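Here's the structure we're looking at; comments come further down.
What you are looking at is a predicted structure, and each value in this text was computed from that prediction instead of being measured. One-based numbering, in listed order, for ligands and for the atoms of each.
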Amino acid sequence: MSRVYNFSAGPSMLAESVLQKAADQMLDYEGSGQSVMEMSHRSKVYQSIIDSAEALLRSVMAIPDNYKVLFLQGGASTQFAMVPLNLMNGSGKADYIITGQWANKAYKEAARYGAARVAASSQDKTYTYIPKTTRADFDPEADYVHICLNNTIYGTKYPELPDTGDVPLVADISSCILSEPIDVSRFALLYAGAQKNVAPAGLTIVIVREDMLGHARDITPTMLNYVTHAENGSMFNTPPCYNIYICKLVLEWIQNEIGGLPAMKKINEKKAGLLYDFLDNSKLFKGTVEKDSRSLMNIPFVTGNEELDAKFVKEAAAAGFVNLKGHRTVGGMRASVYNAMPVEGVEKLVAFMAAFEKENG
Ligand SMILES: *Cc1c(COP(=O)(O)O)cnc(C)c1O
């Protein structure tokens with residue numbers, strides 16, 4: 001068996017021990033005589049899976065008791081509508097910081113439901129930095145401020161959270177969830193599509209402070225109301241059962257094999273550091289993001305020559321480093337080094353880049 005190093009922005013790698021465990025339990029989950037894929041979501045055995053997934057997420061992320069954890073479907077993109085439908089209900093105003101395409105999509109969707117406003121943007125420099133803000137940049141009457149904490153396409157991450165005063169902070173954490181500790185209490189709501197750091201595509205995680213619930217607009221579809229899912233333990237309808245099971249295995253891996261999020265962060269800093277150090281010293285490759293805004297998870301870089309970029313992507317793929325092509329709107333390369341990418345994968349990539357530079361520099 002030969003597995004590649006997959007640098008895809010998502011769906012992305014899962015830890016080998018997680019895949020192995022899923023394989024071992026495929027035909028018979030813990031003596032139930034069935035695969036988790038086949039179980040009734042109303043069965044006792046499945047209830048114990050979703051309960052452990054939630055308990056593990058609460059413990060790994062240190063989620064305070066006054067927050068609900070919801071396991072939903074629809075991807076992060078559905079949250080672009082759910083957030084305004086449920087939260088844009090006081091003044092009907094919300095502030096958005098535009099740090100890339102996902103943040104912009106969230107803003108555009110919110111603008112369909114109320115007075116969404118751009119409070120800050122880094123579009124002027126193709127989203128290569130996180131704009132600095134002060135409390136004065138935000139409308140104190142806004143129902144919430146929305147940010148995208150890690151910008152998957154451009155490779156930026158907030159070096160610190162914006163000070164929004166009393167305005168609730170909402171964040172898309174699709175591409176940085178579980179990558180390092182996060183102070184959940186700073187946020188009114190967090191959401192993430194699972195396919196980057198948590199599970200296969202098809203599961204969406206929402207972590208929402210209880211006082212934010214119960215104010216959805218009348219027109220909100222039942223399935224898009226957080227209360228529907230909060231009151232039914234994410235079982236109003238059939239949840240994405242198998243994905244929640246893989247989420248549980250990934251959380252067990254982080255807790256038991258990695259040693260929790262502080263240890264995960266150290267490993268991620270080591271991986272990102274290897275690549276950034278190489279880029280900072282290379283004469284051929286260079287990173288595209290301002291240093292203080294660099295992401296731990298998504299690392300874009302270029303040679304400055306499109307033909308050479310294409311040659312690099314092709315030769316890297318042939319050598320077992322796949323999905324290094326940059327986002328179609330940005331060009332160049334991007335290495336996504338999510339939790340499941342081993343340190344060894346980045347070490348080998350850097351060695352490959354050094355050899356490529358020698359031949360082509
Ligand atoms: C991938 C991604 C999305 C889109 O997620 P879907 O689950 O495909 O809707 C949104 N925001 C961020 C930050 C992402 O990385």
*Any atoms of ligand 1 less than 4.0 Å from a non-hydrogen atom of Thr152? List them with their elements.*
12 (C), 13 (C), 14 (C), 15 (O)
_Location of contacts on Lys105 toward ligand 1, heavy atoms closer than 4.0 Å_ = neither
*Could you label the plane-to-plane angle of the Phe7 and Phe321 rings as parallel, tilted or perpendicular, counting under 30° as parallel and over 60° as perpendicular?*
tilted
*Examine distances only and state if a side-chain atom of Ser234 and a backbone atom of Leu70 form a donor-acceptor pair shorter than 3.5 Å.*
no
*Are any of the N or O atoms of Gly193 closer than 3.5 Å to those of ligand 1?*
no
*Consider ligand 1: state whether an atom of it lies below 4.0 angstrom from any non-hydrogen atom of Gln195.*
yes
*Is it the side chain, the backbone, both or neither of Ala201 that has a heavy atom closer than 4.0 Å to ligand 1?*
neither
*Please collect all ring-ring contact (aromatic ring centres under 6.0 Å, His included) contacts where either partner lies in residues 181-208, sequence neighbours excluded, each pair once.*
His146-Tyr191
_Polar contact flag, side-chain donor to acceptor under 3.5 angstrom, Lys271-Asn268_ = yes
_Give me the residue, atom name and distance of the protein heavy atom closest to atom 11 (N) of ligand 1._
Asp172 OD2, 2.6 Å
_Contacting atoms of ligand 1, where contact means under 4.0 angstrom from a heavy atom of Ser77_ = 4 (C), 6 (P), 9 (O)
*Ring geometry between Phe236 and His229 (parallel below 30°, tilted from 30 to 60°, perpendicular above 60°)*: perpendicular
*Residue-ligand contact Cys148/ligand 1, heavy atom below 4.0 Å*: yes
_Any donor-acceptor N or O pair under 3.5 Å, side chains Asn305, Thr303_ = no
*Return a yes/no value for Asn150: is any of its N or O atoms, backbone included, closer than 3.5 angstrom to an N or O of ligand 1?*
no
*Do me a favour and list the nearest non-hydrogen protein atom to atom 5 (O) of ligand 1 with residue, atom name and distance?*
Ala76 CB, 3.5 Å
*Considering heavy atoms of the protein only, find what lies nearest to atom 1 (C) of ligand 1 and give residue, atom and distance to 0.1 Å.*
Lys196 NZ, 1.3 Å
*May I ask you to test the Asn151-Trp102 pair for a side-chain heavy-atom distance under 4.5 Å?*
no
_With heavy-atom distances below 4.5 Å as the criterion, would you say the side chains of Gln255 and Ser59 are in contact?_
yes
*Find all atoms of ligand 1 within a distance of less than 4.0 Å from any non-hydrogen atom belonging to Gly75, and give their numbers and elements.*
7 (O), 9 (O)
